[in-house]
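Both counts, for ligands and for their atoms, begin at 1 and track the order of listing. Scope of the values below: all heavy atoms of this structure, side chains included, with no hydrogens, waters or symmetry mates.
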Amino acid sequence: MLIFDAMKRFALLLALLGFLSCGRQETVELSLDEKLALTHAQSRFSSPGVPRLGIPELWWSDGPNGVRAEALWDSWAQAGWTSDSCTAYPALTCLAATWDESLAGEMGICLAEEALYRGKDVLLGPGVNIMRLPTSGRNFEYMGEDPFLAGKMAAAYIRGVQSKGVAASVKHFALNNQEKARARVDVHVDERALHEIYLPAFKRAVQEGGAWTVMAAYNRIWDSHCSENSRLLTDILRDDWGFDGVVVSDWGAVHSTAAAAAGLDVEMGTSTDGLRDNPLATDYNAFHFAAPYKEKILSGEIPADVLETQVERILRLHGRTTLSPGRGRGRFVCPEHAALARKVGEEGIVLLENRGGLLPLDAARTLDILVVGENAVKKMAVGGGSSSLKAKYEITPLEGIKAAFPLSRVRYERGYVGDPGEVYWGVSSGQDLTDPRTPGRLVEDAVAAAAGADVIIFVGGLNKSKNQDREGRDRLSYTLPYDQDTVVEALVGTGVPLVYVNVSGNPAALPWHGRAGAVVQAWYLGSEAGTALGAVLSGRVNPSGKLPFSWPSALEDTPFYGNERTYPGILREDGRIMDVYYDEGIFVGYRWYDHAGVAPLYPFGHGLSYTTFAWTDLRTSVRRGRLRVSLSLENTGDRAGKETVQVYVGAPAAGEGASYERPLQELKAFRKVSLGPGESQRVHVEIPLPELGCYDSAQDRFVTVHGTYVVRVGASSRDIRLEKQIEL
Ligand code: GLC
């Protein structure tokens with residue numbers, strides 16, 4: 001369907017070009033200048049079309065979970081519009097935590113509708129860089145540590161976005177797994193980890209998502225910038241995977257005109273030295289794909305067909321977007337979009353611990369609830385880097401809790417002061433959270449307020465500030481910032497039951513977690529944050545989120561702790577390039593903890609429910625090249641709920657004449673199931689046998705090893721409920 005659709009649109013484009021030419025006796029043939037213009041920016045976030053032929057400009061916009069506010073023509077700064085405050089959807093770690101592909105598709109559709117309304121043709125998301133470090137600044141924008149989960153969720157999201165004639169841009173291709181020195185690192189990774197861990201989500205986004213654009217990353221691999229890396233952009237992306245779309249650079253990631261022949265199509269964001277009277281201005285004619293490119297074409301240094309190939313891809317992108325008939329004008333900040341943002345939040349929130357059924361709190365009673373923590377009142381849609389949003393509204397956790405418990409007395413204490421304000425490139429959250437009290441006084445006041453409370457809800461975690469969940473830097477510590485541990489310990493010491501709600505896109509050390517009554521991971525939920533959180537805490541929604549990453553107790557449990565070579569890398573003599581070595585190879589995330597025999601605090605795929613489920617009768621069979629797995633799932637509790645069946649497969653290491661080090665198990669299928677109380681369902685999943693293979697570096701291809709496999713189905717990577725050996 002996708003291909004036919006694209007063919008239809010491309011045919012229309014050619015017809016349009018033909019009509020225009022016969023109508024006006026003009027040659028359809030584009031001039032050299034018209035062709036060159038298509039390959040690079042004309043402003044911060046737009047690239048030209050062909051005015052003579054009625055081909056419009058292309059407008060590119062961040063970001064993965066909302067349409068970014070309008071910037072000035074030639075600047076990152078805000079244009080100060082009053083009509084560009086968007087719906088802020090949950091960040092993508094939350095979407096991944098829903099483990100619900102159909103929801104990802106719905107979110108893609110809603111995002112595309114908002115992009116259309118704002119006149120944007122390419123939405124710069126989803127980001128699918130694998131979470132290698134639990135401290136990388138941009139993990140909150142990505143979809144976790146497992147390439148299968150990230151790939152499946154990204155593909156569904158992309159199909160949704162593109163179903164409305166807006167292109168997605170899967171990013172950052174590839175191996176942009178840290179923010180520290182992101183434009184200066186040269187990543188060294190073995191071929192198995194490259195093909196089994198870091199590329200698969202991009203491959204699935206291209207082959208199953210049908211991505212129309214891919215964004216080349218800032219970093220180097222094999223000592224060559226991704227934006228001019230022909231093995232990456234041509235051999236792998238196009239020749240091996242069949243990608244027929246446009247490769248756009250990350251903003252400022254192009255360093256030479258050679259990128260054109262390597263497979264890069266559109267150059268964005270290059271900083272020039274002004275050249276014009278205003279040295280701060282950008283001279284778009286100084287872009288690598290502008291005047292310098294023209295010279296190289298005219299001199300024959302770069303063959304003309306390199307440019308022809310780029311033009312063909314860019315016109316195909318126009319056929320899919322700007323020239324696509326019936327795209328409509330989309331919708332912006334409508335009730336349906338709010339409902340979807342809320343639904344993704346409700347489905348993505350993860351109940352990590354719940355002692356003695358402390359949660360859900362009974363909204364029918366009159367409780368004395370003390371809410372503590374800056375993240376209960378701090379708006380988070382703003383900030384974090386390019387995914388920062390000017391949200392039309394953002395319901396805070398405190399507002400959501402008050403609304404969810406109308407009969408209760410809800411009091412608030414700050415507890416600590418982190419980042420009192422947030423202005424990002426001119427967009428402000430509109431809050432000034434300054435508090436003159438000392439840290440000691442803030443704790444005293446919170447402890448004093450705890451007297452008489454039935455329950456404390458502490459809302460803390462990280463935020464979008466520097467060295468927190470923000471692009472361009474990584475976290476410097478795994479500990480909760482602003483000494484939150486002291487506040488939580490003091491509150492736990494009062495003996496009042498405490499619910500800890502963690503707002504973040506990354507895990508953090510929770511040394512006191514065993515003394516909390518409950519622990520909830522609440523992500524960055526966007527406009528409907530408080531409503532989604534209130535729904536889960538009050539039981540209006542039964543939580544069903546599952547962690548898309550492992551949550552280590554301490555950084556010491558990770559393979560790169562205290563090892564500069566593996567993170568952040570070793571600076572070369574030139575004082576610029578840093579060589580970072582992914583020495584852990586394929587053992588990333590749960591693959592690492594299983595291999596190292598280290599138990600994470602919360603395992604990959606973990607998430608509790610307010611009900612219980614029984615798993616029985618696991619059956620497997622192999623037919624027509626697919627491994628079929630089925631089992632029965634029953635809701636044995638007294639309320640409706642959703643469980644995500646996770647299917648992990650452990651493959652044999654040794655095969656005929658070869659042996660490969662393999663992870664204990666790898667996620668190969670999942671299915672989220674909704675069941676009423678007492679209801680049961682037969683769950684079926686299928687796994688194409690080639691997906692059970694591993695990459696053989698010598699043969700440069702995936703191979704399937706014959707032998708004994710273990711199928712393990714569970715509610716998390718470490719909560720395996722049924723398992724079965726099979727011979728393949
Ligand atoms: C940024 C980010 C990228 C974003 C682009 C445009 O540097 O790396 O994700 O889409 O530039 O803002």
Student: Mind checking whether Arg182 contacts ligand 1 via backbone (N, CA, C, O), side chain (CB onward), both or neither, at a 4.0 Å heavy-atom cut-off?
Tutor: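 For Arg182, the contact with ligand 1 is made by the side chain alone.
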Student: Go through ligand 1 atom by atom and flag the ones less than 4.0 Å from a non-hydrogen atom of Arg68.
Tutor: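 Atoms satisfying the 4.0 Å criterion: 12 (O).
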Student: Record the part of Met268 in heavy-atom contact with ligand 1 below 4.0 Å; permitted values are side chain, backbone, both and neither.
Tutor: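 No part of Met268 is near ligand 1 at this cut-off.
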Student: Pick, from Tyr218, Trp251, Phe45, Trp60, the option with the minimum heavy-atom distance to atom 7 (O) of ligand 1.
Tutor: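 Ranked by closest heavy atom to atom 7 (O) of ligand 1, first place is Tyr218.
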Student: Taking the six-membered ring for Trp and the full ring for Phe, Tyr or His, determine whether the centres of Trp99 and Phe604 are under 6.0 Å apart.
Tutor: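 Judged by ring-centre distance (under 6.0 Å), Trp99 and Phe604 do meet the cut-off.
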Student: Taking only Lys NZ, Arg NE, NH1 and NH2, and the carboxylate oxygens of Asp or Glu, determine whether Asp121 and Arg327 approach each other closer than 4.0 Å.
Tutor: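 Yes, Asp121 and Arg327 are salt-bridged.
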Student: Using a 4.0 Å cutoff against the non-hydrogen atoms of Leu124, which atoms of ligand 1 qualify?
Tutor: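 Listed by number with element, the hits are 10 (O).
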Student: Can you tell which part of Glu179 has a heavy atom less than 4.0 Å from ligand 1: side chain, backbone, both or neither?
Tutor: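 For Glu179, there is no contact with ligand 1 at all, from either part.
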Student: Any idea which atoms of ligand 1 are less than 4.0 Å away from a heavy-atom of Lys171?
Tutor: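 So the atoms of ligand 1 that pass are 3 (C), 4 (C), 9 (O), 10 (O).
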Student: Checking contacts here: is it the side chain or the backbone of Trp76 that comes within 4.0 Å of ligand 1, counting heavy atoms only? Could be both or neither.
Tutor: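 The answer is the side chain.
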Student: Angle class for the Phe287/His40 ring planes (parallel below 30°, perpendicular above 60°, tilted otherwise)?
Tutor: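 Phe287 and His40: tilted rings.
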Student: Which residue, Lys464, Glu394, Glu422, forms the side-chain contact (heavy atoms from CB on, under 4.5 Å) with Lys378?
Tutor: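 Of the listed options, the one satisfying the test is Glu422.
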Student: Between Arg118 and Glu70, does the salt bridge (Lys or Arg N to Asp or Glu O under 4.0 Å) criterion hold? Intermediate values first, please.
Tutor: CA-CA 9 Å; Arg118 294 269 287 95; Glu70 198 69 16; 2.9 Å; yes
Student: Once side-chain contact (heavy atoms from CB on, under 4.5 Å) is applied, do any residues pair with Ala211, and if so which ones, sequence neighbours excluded?
Tutor: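 In terms of side-chain contact (heavy atoms from CB on, under 4.5 Å), with neighbours along the sequence ignored, Ala211 is linked to Ile158, Val170.
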